[in-house]
Amino acid sequence: MTNQLKPELISIPVDHIDRGLVSQVAGALLEGKLVAFPTETVYGLGCDAFNEAAISRVFAVKGRPATDPLIVHVADGEMLDRVVDGQLPPVARLLADHFWPGPLTLVLPRNSALPAAVTSGLPSVAVRSPSHPVASAILLECGIPIAAPSANRFGRISPTSAEHVLADLGDGCDVIVDSGRTQRGLESTVVSVDEDGVVVLRHGAIPMEELREHCSVRAVEDEGSHLKASPGHEARHYSPRSPAVAVSPGAFASGSGTLEFTAKLRVLYAGYSDRPPQIPDSWRFEPLGSAGAIDELARNLYESLRRIDAIGADVIVLELAGEAGLGRAIDDRLTRAASSLVVERPEDLQAALTQVLAEDTTP
Ligand code: AMP
Ligand code: MG
């Protein structure tokens, strides 16, 4: 008998999808194992959506609260029918026809056969069909809906490579499929559907502008108090280990003043190479990318945040991109990485830093 090492690493390059390896991965999922696999957004930690023991392991391995529902991944209408109750509402049908396979997650009435733990007991289920060729090959081969949250520890930076998954979850998963870096780098856009159109519950890889070409689109943050963002989409999320504060786009464009109180602190300013800020000499500047190249910025965002996290600092200052389209999702992640503390002007920084340094409860 072989002494199998955990996790088993299986390399399936996008341009050379080996059927034998795909069927090995599908077999592991059918046996109830936890399989980290690439999607076009980020890597997911997948399991059979109908296997309750496997579902509870996914929550445990991630340290994810039971109140934060999972997205279910499907590859065809038959799998969709198993997780959703009845016919798709017309707006959902229209969006699925246009955006699937792709990074749009629809929140729909849940099929009662689906274990309640998947949806955290909610009457709705979040479902999408991924376009990553390896993800869809695995789904089609195993023929069952796969529940898969992002393959990172809860609240931390999402993984865009197999190395990130290994570093975060280690032997928590049984198998890691390595297909290199993900194409989009940001999670799917999550929308709930009603008669009037959709409400964006989480900004993501499909910008609102693209959805608006097909139906009326509202953002949950503009809806007042009667609607809440997706459960689990916390004020603090996607966070580096060092305490972080966000600043408005261009807040440091025309100088910062002396900011003497930072002289003894290691401050790392994460901004944009095409928009260099004027910051004190003692601060370190690290580019997140170029604000003018938004697709590339999105693709590299989590990789950049991980690099910045590894450098470490007493405090990390994250400048928001302030761009339309994908910029909304990027700024959503940066804001949450900074526990939703956003400073508008350099003169407000001292109060904010005092607050984050006092509250620092970084795990
Ligand atoms: P992740 O798996 O990390 O991409 O996170 C999935 C997210 O999808 C959850 O954290 C929720 O924000 C959202 N989600 C999943 N199921 C539902 C649902 N039934 N209603 C609203 N949002 C959901
Ligand atoms: Mg996540």
Side-chain angles (χ1 to χ4, degrees), residues 34-47 49 55 58-59 61-74 80 83-85 89 92 102-112 114-130 132 135 145-160 164-165 168-169 172-173 182 184-194 198-206 218-221 223 226-239 298 301-302 305-306 329 332-333 336-337:
L34 305 198
V35 175
F37 65 97
T39 77
E40 69 278 25
T41 59
V42 301
Y43 273 71
L45 179 62
C47 74
I55 297 287
V58 164
F59 280 94
V61 164
K62 274 185 63 84
R64 183 172 176 121
T67 49
D68 187 357
L70 310 182
I71 293 174
V72 180
H73 296 71
V74 299
L80 183 63
V83 298
V84 169
D85 186 34
L104 179 68
T105 296
L106 300 172
V107 174
L108 296 166
R110 161 186 158 231
N111 189 316
S112 57
L114 189 70
V118 174
T119 68
S120 303
L122 291 172
S124 58
V125 59
V127 58
R128 85 174 187 98
S129 178
H132 194 289
I146 298 296
S150 52
N152 53 285
R153 296 279 306 165
F154 179 71
R156 303 297 316 287
I157 302 166
S158 304
T160 52
H164 296 166
V165 179
D168 268 19
L169 301 182
C173 35
T182 61
R184 303 281 197 139
L186 281 179
E187 291 86 348
S188 61
T189 302
V190 178
V191 301
S192 70
V193 183
D194 59 28
V198 299
V199 178
V200 176
L201 302 179
R202 177 180 76 182
H203 293 284
I206 306 235
R218 292 164 289 149
V220 72
E221 63 270 22
E223 286 289 286
H226 68 287
L227 263 176
K228 290 201 353 215
S230 275
H233 199 45
E234 312 286 342
R236 176 171 192 175
H237 206 146
Y238 317 103
S239 298
L301 183 70
Y302 292 135
L305 284 175
R306 279 174 188 262
D332 170 81
R333 304 305 189 267
R336 291 175 207 274

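Counting starts at 1 for both ligands and their atoms, in listed order. In this text, all values refer to a predicted model and were calculated from it rather than measured experimentally. Side-chain atoms are counted along with the backbone in the values below, which use heavy atoms only and exclude waters and symmetry mates.
- Heavy atoms of Leu201 found under 4.0 angstrom from ligand 1 belong exclusively to the side chain.
- Screening Thr41, Thr182, Val42 for a side-chain contact (heavy atoms from CB on, under 4.5 Å) involving Ser158 leaves a single residue, Val42.
- Between His237 and Phe154, the ring planes lie tilted relative to each other; the angle falls in the 30° to 60° range.
- A salt bridge (charged side-chain N to carboxylate O under 4.0 Å, His left out) with Asp168 holds for exactly one of Arg153, Arg156, Lys62, Arg306; it is Arg306.
- For the residue pair Glu187 and His203, no side-chain donor N or O sits within less than 3.5 Å of a side-chain acceptor on the partner.
- Counting all heavy atoms, side chain and backbone alike, Leu108 lies closest to Val193 at CD2-CG2, 4.4 Å.
- Heavy-atom proximity to Pro149, at under 4.0 Å, picks out these atoms of ligand 1: 2 (O).
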query = Does the pair Leu34 and Val58 meet the rule for a side chain to side chain contact (heavy atoms under 4.5 Å, CB included), with working shown?
reply = CA-CA 7 Å; Leu34 305 198; Val58 164; 3.8 Å; yes

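- Near Ser150, the atoms of ligand 1 lying under 4.0 angstrom from a non-hydrogen atom of the residue are 1 (P), 2 (O), 3 (O).
- Heavy atoms of Arg110 found under 4.0 angstrom from ligand 1: none, in either backbone or side chain.
- Here Ser150 meets the criterion, with an N, O or S atom under 2.8 Å of the Mg ion (ligand 2).
- The shortest heavy-atom distance from Val107 to ligand 1 is under 4.0 Å.
- If you look at Thr119 next to ligand 1, there are no close heavy atoms at all, none under 4.0 Å.
- Under the 4.0 Å criterion applied to side-chain N and carboxylate O atoms, Glu40 and Arg184 are not assigned as salt-bridge partners.
- Comparing heavy-atom distances from atom 1 (P) of ligand 1 across Lys62, Arg128, Arg202, His237 singles out Arg202 as nearest.
- Look at Arg64 and you'll find a heavy atom under 4.0 Å from some atom of ligand 1.
- The shortest N or O to N or O distance between Asp68 and ligand 1 is below 3.5 Å.
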